[in-house]
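In what follows, a structure is listed as structure tokens, so that the remarks can point back to it.
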Amino acid sequence: MPAKSPNPVILKRLEALRTQLRDHDYRYYVLAQPRISDQQYDTLMRELIELEKTYPEFIAPDSPSQRVGGEPTKEFPTVTHAVPMLSLSNTYNEEEVRSFDERVHSLLGKEPVRYVCELKFDGVAISLLYYNGVFVRGATRGDGTQGDEITQNLKTIRSIPLRLRGEKKGFDEIEVRGEVLMDREDFRKMNEERELAGEKTFVNPRNSSAGTLKLQDPKIVATRPLKFFSYYLRTEDAPLSSHYENLKILREFGFPISEHARLCKTLGEVIDYWKEWEERREDLPYDIDGIVVKVDSLRQQERLGAISKSPRWAIAFKFAARQATTVLKDITLQVGRVGTMTPVAELEPVFVGGSTVSRATLHNEDYIKELDIRIGDTVTVEKGGDVIPKVSGVIKEKRKPGAKPFSMPGTCPECGSKIFRSADEAHYYCENSECPAQIRARIGHFAHRGAMDIEGLGEAIVDQLVELGFIQNYADLYELHKQKKKLVDLDRWGEKSATNLLEAIEESKKKPFSRVLFAVGIRHVGSGVAQLIVNNIGSMEKFIATPQAELERIQGVGPRIAESVHRFFNDKHNLKLVKRLQDAGLQMEEKKKRVIIQSPFTGKTVVLTGTLSSMSRDEAKEKIERLGGKVTSTVSSNTDYVIVGVDAGSKLDKAKKLGVKTLDETAFSKMLK
Ligand code: IVH
């Protein structure tokens with residue numbers, strides 16, 4: 001083949017495509033604000049690959065096409081870190097952090113000290129080298145002194161720039177360190193796919209990230225949803241003075257940094273940061289296991305130095321473990337308000353995620369079978385995002401010979417009625433609506449915050465009132481005032497608590513009809529469906545009279561819900577309860593004009609995240625629904641708007657990633673008007 005001469009038009013086009021693709025990668029993977037569709041991106045990438053195929057002599061190692069170019073390796077070469085990758089000493093309480101702060105101050109004399117607080121990512125530490133702005137070598141931490149060279153694997157991670165952005169400012173050589181991790185949701189999806197394909201699933205996102213980076217074939221690595229956050233910059237080529245400034249430089253270079261890093265002037269601010277993230281950690285899409293506190297001034301860092309393998313200028317302030325192992329003593333069944341039977345693990349008490357856990361959910365029979373959980377087993381217990389602890393696995397090696405498999409009983413342990421399982425659901429149900437467990441759960445649901453919101457009527461009080469015969473159903477609540485005297489005389493009660501409860505019950509009568517409809521506890525009628533019904537039908541009277549076929553036609557209702565509603569109102573007992581609520585003065589119709597001709601929310605799907613200052617989340621939801629919108633809890637490509645309050649979490653990130661329109665509170669309020 002005759003040698004092709006460098007065609008300036010081709011070269012220009014190649015460079016233009018690379019610049020554009022780099023920019024789109026950055027917008028998508030680092031800023032989570034894509035400007036073009038996946039399809040448009042693919043078209044550009046295809047053109048680049050085609051051109052590079054025709055002119056292979058022009059392929060550059062930092063071309064966006066080169067992320068998955070590497071061939072499998074047999075063994076990773078070992079590299080020596082120019083500066084050792086130290087580890088952090090761990091602390092678990094304020095006391096220890098206070099001593100850290102005291103030590104820092106005593107070593108630095110009277111100098112003022114500022115700290116940078118960061119999230120402690122629960123991933124895998126790596127190091128990246130750039131020469132003249134181009135990524136040349138990536139490595140694992142290894143033993144801190146030497147690690148594995150995994151450049152090809154790291155190139156596949158799209159949030160790692162192959163070339164630095166912006167002005168290079170004369171940096172010939174830089175080293176960037178940070179953490180590779182996986183979002184929980186990406187991890188879950190990946191595991192689901194692996195399971196379907198009959199492959200082994202990973203235990204958690206961290207193991208899965210670590211395992212992936214060790215794979216010898218970059219093509220497989222490229223299929224795994226790895227992400228990167230940078231938290232360290234080193235260079236000899238320019239004077240650096242502050243860690244916080246370094247983070248800004250890293251961001252300008254195009255590296256993802258945690259947007260949650262915070263400069264703190266006092267120890268109190270550091271402790272507040274820790275407390276805040278201990279509470280908010282579930283809002284993040286990825287796992288963190290604590291915070292990292294670093295002295296901001298690099299000059300001070302140098303003065304403080306290191307002892308053995310940890311620096312004296314930084315410390316990890318960890319959260320209490322969210323996972324623990326313990327013994328499963330028994331499996332009992334909890335009967336919910338509509339008779340759903342949930343298997344519950346009775347555990348040897350264990351401290352996990354800040355509290356002692358002795359019961360955890362096992363979801364349903366299939367879950368127990370799939371994981372092969374047996375009574376007597378040693379199991380792992382996890383506190384997930386929803387804070388309800390769950391049994392997440394079994395340690396089979398510890399299984400004792402007597403471990404007993406679980407099987408669902410034929411009858412309800414609370415009332416002895418026969419139980420059944422419908423074909424398309426994983427749950428069993430107790431059909432007896434008079435089952436005492438169901439009675440308690442129904443009243444609990446009725447009084448719950450999202451329903452009638454009766455303050456002070458928690459689970460224990462409901463149990464007590466039912467047990468002592470004060471109430472048998474939720475309609476009885478509105479006649480409880482007749483027994484006030486007896487209530488006052490009860491053990492641990494008194495005038496004040498009785499009055500408070502009765503006032504809260506009275507107050508609940510003002511709650512809108514949609515809440516009442518949700519509170520009465522019709523299977524499959526959640527708050528969203530209740531609102532839909534209210535929007536379309538308007539009053540309880542009309543609702544009861546609406547034929548099943550007509551209900552089915554309401555968008556978002558469908559046959560399953562319609563059938564359940566039909567069943568509910570076919571029961572005389574339920575009709576009587578609803579009548580009593582009506583007589584007590586609860587709202588049984590939507591007084592406001594229901595049909596909104598057109599509003600910015602008509603037909604739109606909306607997600608709320610963070611805290612709004614002018615209204616509660618429930619109020620916002622009610623308003624949107626009244627304007628014809630639907631409120632859902634997860635952001636997807638079907639979401640039209642994400643309303644962003646203060647301290648918004650992962651939903652905002654997801655919205656940005658998917659390019660969903662976000663509205664702040666001011667914009668939202670304007671649209672409501
Ligand atoms: S700074 C000496 N910052 O924690 C400074 N490390 O025990 C060490 N880690 O191997 C690194 N998040 O894997 C730093 N924001 C953060 C971090 C972080 C997680 C991990 C990292 C390191 C280990 C140190």
Side-chain angles (χ1 to χ4, degrees), residues 81-92 96-97 100 103-104 115-128 138-148 150 154 157 159-160 175-183 204-214 226-234 240 242-251 255-264 270 273-274 276-278 281 284-298 300-319 321:
H81 301 296
V83 173
M85 290 181 77
L86 300 178
S87 59
L88 295 163
S89 35
N90 292 328
T91 56
Y92 291 89
E96 289 169 351
V97 179
F100 162 75
R103 199 169 51 243
V104 165
Y115 293 111
V116 179
C117 286
E118 289 170 18
L119 305 178
K120 187 167 189 311
F121 306 105
D122 198 5
V124 183
I126 56 148
S127 147
L128 308 168
T140 61
R141 175 174 178 270
D143 62 4
T145 311
Q146 291 190 315
D148 289 337
I150 53 163
L154 292 173
I157 303 176
S159 46
I160 294 179
E175 186 194 2
V176 174
R177 292 178 186 172
E179 204 87 348
V180 169
L181 48 81
M182 229 178 242
D183 280 355
N204 57 40
R206 182 169 41 78
N207 287 4
S208 146
S209 305
T212 302
L213 288 183
K214 286 201 197 108
L226 296 175
K227 298 214 309 196
F228 176 68
F229 280 112
S230 58
Y231 48 63
Y232 172 89
L233 167 68
R234 189 181 63 78
L240 301 172
S242 131
H243 175 62
Y244 200 66
E245 289 304 316
N246 282 0
L247 292 178
K248 287 189 193 156
I249 298 175
L250 284 168
R251 193 175 49 204
F255 290 97
I257 59 162
S258 166
E259 61 191 302
H260 304 297
R262 188 184 294 165
L263 203 50
C264 293
V270 169
Y273 184 88
W274 179 82
E276 183 183 329
W277 284 104
E278 164 96 272
R281 59 196 295 201
L284 295 165
Y286 45 82
D287 286 341
I288 56 171
D289 58 351
I291 66 162
V292 183
V293 186
K294 299 174 181 172
V295 168
D296 181 46
S297 152
L298 301 185
Q300 289 180 338
Q301 284 190 4
E302 203 161 317
R303 281 184 59 197
L304 289 162
I307 17 162
S308 96
K309 289 203 179 286
S310 322
R312 282 208 201 85
W313 48 264
I315 202 161
F317 189 0
K318 305 250 272 192
F319 304 137

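Values reported hereafter were calculated over all heavy atoms of this structure, with side chains retained and with hydrogens, waters and symmetry mates removed. Start at 1 and go down the list; that is how both ligands and their atoms are numbered.
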Using a 4.5 Å cut-off on heavy atoms from C-beta on, say whether the side chain of Ser258 contacts that of Glu118.
no
Give me the pairs of N or O atoms, one from ligand 1 and one from the protein, that sit under 3.5 Å apart.
from, atom 1, to, atom 2, distance (Å)
ligand 1, 3 (N), Lys294, NZ, 3.0
ligand 1, 4 (O), Lys120, NZ, 3.2
ligand 1, 7 (O), Leu88, N, 2.9
ligand 1, 12 (N), Phe121, N, 3.0
ligand 1, 13 (O), Glu179, OE1, 2.8
ligand 1, 13 (O), Glu179, OE2, 3.1
ligand 1, 15 (N), Glu118, OE1, 2.8
ligand 1, 15 (N), Leu119, O, 3.0

Among Trp313, Tyr244, Phe100, find the residue that satisfies the side chain to side chain contact (heavy atoms under 4.5 Å, CB included) test when tested with Tyr115.
Phe100
Apply the ring-ring contact (aromatic ring centres under 6.0 Å, His included) test between His260 and each candidate in Phe121, Tyr273, Tyr231, Trp277; give the one that qualifies.
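Result for ring-ring contact (aromatic ring centres under 6.0 Å, His included) with His260: Trp277.
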Considering all heavy atoms of both residues, which atom of Pro256 and which atom of Phe228 are nearest to each other, and what is their separation?
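Smallest heavy-atom distance, with atoms named: CG-O, 3.0 Å.
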Whether Lys227 and Asp183 form a salt bridge (side-chain N of Lys/Arg under 4.0 Å from carboxylate O of Asp/Glu) is what I want to check.
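Yes, charged N to carboxylate O under 4.0 Å.
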Does the ring center of Tyr286 lie less than 6.0 Å from the ring center of Phe229?
yes
